[in-house]
Amino acid sequence: MCGIVGAVAGRDVVAILLEGLKRLEYRGYDSAGVAIQNAEGVLDRMRVTGKVRDLESCLTGRPFVGHLGIAHTRWATHGRPADCNAHPHTSHDTVAVVHNGIIENHEALRIRLEDLGYDFTSDTDTEVIAHLVHHHRLQQPSLWHAVRIAVSELVGAYAIGVVSTTDPGRLVAARLGSPLVVGIGVDEQFIASDVTALLSVTRHFVFLEDGDVAELTQTGVTIHDAAGQIVGRPIKKSEVSADAINLGDFVHYMQKEIHEQSTAIADTLEGRLSGHRILEEAFGPLARGVFDETRCIQIVACGTSYHAGLVARYWFEAIAGIPCTVEVASEFRYRRPVVSPGTLVVCISQSGETADTLAALQETKRLGYAHSLAICNVPESSIVREAELTLMTRAGPEIGVASTKAFTCQLVALLLLVIAIGRRHGLGLVREAEIVAELAALPVLIEKVLRLEGAIRVLAKQLLDKHHALFLGRGTQYPVAMEGALKLKEISYIHAEAYPAGELKHGPLALIDAQMPVVALAPDNELLEKLRSNLQEVRARGGQFFLFADTAANFQDAPDMRVVRMPSVGSTTAPVVYTVPLQLLAYHTAAIKGTNVDQPRNLAKSVTVE
Ligand code: M6R
């Protein structure tokens, strides 16, 4: 779960590599490194524990120039964050390798290579690749041949970039199970873990497929598939603009992305609504047949995307009238579920590269589930390519590790799916029109909630010295509370848990005291009076409330209760709207605390390892 970038060009590539790494830091940021082949044909390498800016500082004022190079930003899997474990890894100062993924048979390979006389200097699984390539290059006519044989001996997942002083001007790349794109420039070629890393140098990309091994020179790219045949993969023009990944006037990407939500939702709805109806064509030409056969839904996802699935479960059962189960992908993939006929598997993923979600999707195919659909934010991602149907969220690139705009767009996409399926199970035109009207109103409502940011920032100050928090909701607001708790945990490091408010008296009420802030969500819906009673139970025991409540619910500020008045919102789409203040609360708490909001400790944006 790291970021890799590589370049071969007629110009110095160091700045290109560093810029690419900065764009990839969302994938990992505990150490970074770069290796180039210099004008004398010698490998020059620099590695540091820390961020790309630390690597950049180390290179300042040092002669470090080359037309061929590879670079890496790391999220530690094998071996703690340390200079010696940072990539690139080298063998005999000849071969250098960057790797994203996990080599499962690295221990066996290490023993074999040690027997052959290779010395290991790191605790990583990656170092075996460097030595293995070096070993094979001694017998093979080219680096490409050596890499091809080396990868055939690897078990696990990899996206790699390899250079060798024996093959000047050549960069060899290979992938299996981890993402890798080739960027096509004018007399210069690149590789990277995703397109955003290379947008400053090209808009034209080839997406390597599993088993591909590519050789890049300044003038072109040759790709061999898993069978060793030369293949022509299509060159695609990226629609992502370089502007989309600039911070603009915001302090953090997370804040920028929270503020982009009304546009992102409008974009996700564009072309998918017509009058009072949703357009089923949005799901692709095969959708009609698939939906006709669908009798139940199995959702699999991780983290924030899992929370979107939990909200959708309420919708599928209450609106579409069909059974829906939701499970975290890391559990689902190793369980032996009973497969009900006519089950549509719905995978939800911002990145489309989450290893557990991808593996769960693959497992459902093996188990014989009827059909699959991916809700995803990255069009060329592995999950999109694996699923039978797709519905893209159009949130734009999400850089902050804490997912925000992707979540609300996922909810919107899921609601479109609920309607499409619900039509086959008794959802009438009037109800569909009501939900469509609610969807269309969302961008304006979210703008209104964003205007509450100042008041929410004031509340955030009161959370600063707290070590724990409880989040409460009922119905669809329960998963929203879970999402709010996750946001607070991951960026402010304050422990937070969510409960359905009716469950408090079964245990968690024992935790309530003045040091335990309780964040509660109170839209004006059929559960409001029940929630009101639950809140009284907490107040009677000295709890301190932060309440996000519909203005019409008429809650009043009190010494033990701070009320943020929310606009009136339709009962179906309320989870989308009530997510936003919780994002702002977590964001401002973390920002005032001074944590690294966009790159919280120990995490990475895209979890491409198990
Ligand atoms: O890219 P995905 O949606 O598949 O990612 C799933 C989770 O890793 C992700 O939502 C994670 O929980 C976020 N950091 C939460 O903010």
Side-chain angles (χ1 to χ4, degrees), residues 261-297 299 308-324 344 346 348 373 375 389-395 407-449 475-477 479-480 523-528 550-553 566-580:
Q261 287 180 108
S262 55
T263 309
I265 287 173
D267 290 347
T268 298
L269 288 172
E270 194 192 317
R272 292 166 172 174
L273 301 179
S274 174
H276 306 301
R277 306 212 70 196
I278 67 136
L279 290 170
E280 212 162 281
E281 292 76 4
F283 296 89
L286 300 177
R288 188 173 297 277
V290 170
F291 294 165
D292 285 347
E293 287 173 23
T294 297
R295 295 290 167 268
C296 47
I297 305 286
I299 297 178
L310 289 176
V311 174
R313 185 182 59 171
Y314 287 84
W315 289 336
F316 273 117
E317 303 217 340
I319 300 171
I322 70 164
C324 173
L344 173 65
V346 178
I348 311 170
L373 182 148
I375 290 182
L389 302 180
T390 52
L391 184 64
M392 300 310 302
T393 48
R394 299 187 188 128
F407 176 72
T408 45
C409 288
Q410 285 167 350
L411 292 179
V412 164
L414 282 160
L415 201 42
L416 297 177
L417 180 63
V418 167
I419 295 173
I421 305 261
R423 282 174 178 174
R424 277 124 175 120
H425 299 268
L427 177 71
L429 285 176
V430 173
R431 183 75 183 107
E432 177 171 343
E434 282 167 7
I435 301 172
V436 166
E438 281 195 37
L439 281 168
L442 278 174
V444 170
L445 275 169
I446 285 178
E447 285 300 330
K448 279 190 187 167
V449 176
T476 50
Q477 296 298 333
V480 173
D524 189 9
N525 62 19
E526 71 282 2
L527 289 170
L528 179 61
D550 192 304
T551 308
M566 296 283 288
S568 282
V569 48
S571 60
T572 303
T573 51
V576 183
V577 179
Y578 276 71
T579 297
V580 179

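Computed from a predicted structure; not experimentally measured. Position 1 is the first residue of the sequence; numbering continues from there.
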Can you tell if the side chain of [X] reaches within under 4.5 Å of the side chain of [Y], non-hydrogen atoms only?
X      : Y      : answer
Glu438 : Val569 : no
Thr408 : Thr268 : no
Ile421 : Leu344 : yes
Ile319 : Leu415 : yes
Thr572 : Arg431 : yes
Pro575 : Tyr314 : no
Phe291 : Leu389 : yes
Leu414 : Val311 : no

Minimum heavy-atom distance [X]-[Y], with the two atoms named:
X      : Y      : answer
Val449 : Val577 : CG2-CG1, 3.6 Å
Ala320 : His425 : O-CB, 3.1 Å
Trp315 : Leu411 : CZ3-O, 3.3 Å
Ser274 : Leu279 : CB-CD2, 3.7 Å
Ala413 : Thr393 : CB-CG2, 4.1 Å
Ile278 : Phe283 : CD1-CE1, 4.3 Å

Rounded distance (nearest 0.5 Å) linking atom [atom1] of [X] with atom [atom2] of [Y]:
X      : Y      : atom1 : atom2 : result
Lys448 : Ser568 : NZ    : OG    : 8.0 Å
Glu317 : Ile297 : CD    : CD1   : 10.0 Å
Ile419 : Leu427 : CD1   : CG    : 7.0 Å
Thr263 : Glu270 : OG1   : CD    : 11.5 Å
Glu434 : His276 : CD    : NE2   : 11.5 Å
Gln261 : Leu442 : CD    : CG    : 10.5 Å

Main-chain N/O of Asp267 paired to Arg394 side chain as donor or acceptor, under 3.5 Å: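 Side chain of Arg394 to backbone of Asp267, a donor-acceptor pair under 3.5 Å: yes, one is there.
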Any pair counted as salt bridge (charged side-chain N to carboxylate O under 4.0 Å, His left out), so long as it reaches residues 417-426, sequence neighbours left out: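 Non-adjacent pairs meeting salt bridge (charged side-chain N to carboxylate O under 4.0 Å, His left out): Glu280-Arg423, Glu280-Arg424, Asp292-Arg424, Arg423-Glu432.
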Residues Leu527, Gln477; criterion side chain to side chain contact (heavy atoms under 4.5 Å, CB included); working and verdict: CA-CA 10 Å; Leu527 289 170; Gln477 296 298 333; over 6 Å; no
For Leu269, side chain to side chain contact (heavy atoms under 4.5 Å, CB included) partners two or more places apart: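 Side chain to side chain contact (heavy atoms under 4.5 Å, CB included) list for Leu269, sorted by chain: Ile265, Leu273, Val412, Leu416, Leu439.
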Stepwise side chain to side chain contact (heavy atoms under 4.5 Å, CB included) check, Val444 with Ser262: CA-CA 7 Å; Val444 170; Ser262 55; over 6 Å; no
Gln410 and Phe407: CA distance, side-chain angles, deciding distance, side chain to side chain contact (heavy atoms under 4.5 Å, CB included) verdict: CA-CA 5 Å; Gln410 285 167 350; Phe407 176 72; 4.1 Å; yes
Candidate pair Cys324 and Ile299, rule side chain to side chain contact (heavy atoms under 4.5 Å, CB included), full reasoning: CA-CA 7 Å; Cys324 173; Ile299 297 178; 3.8 Å; yes
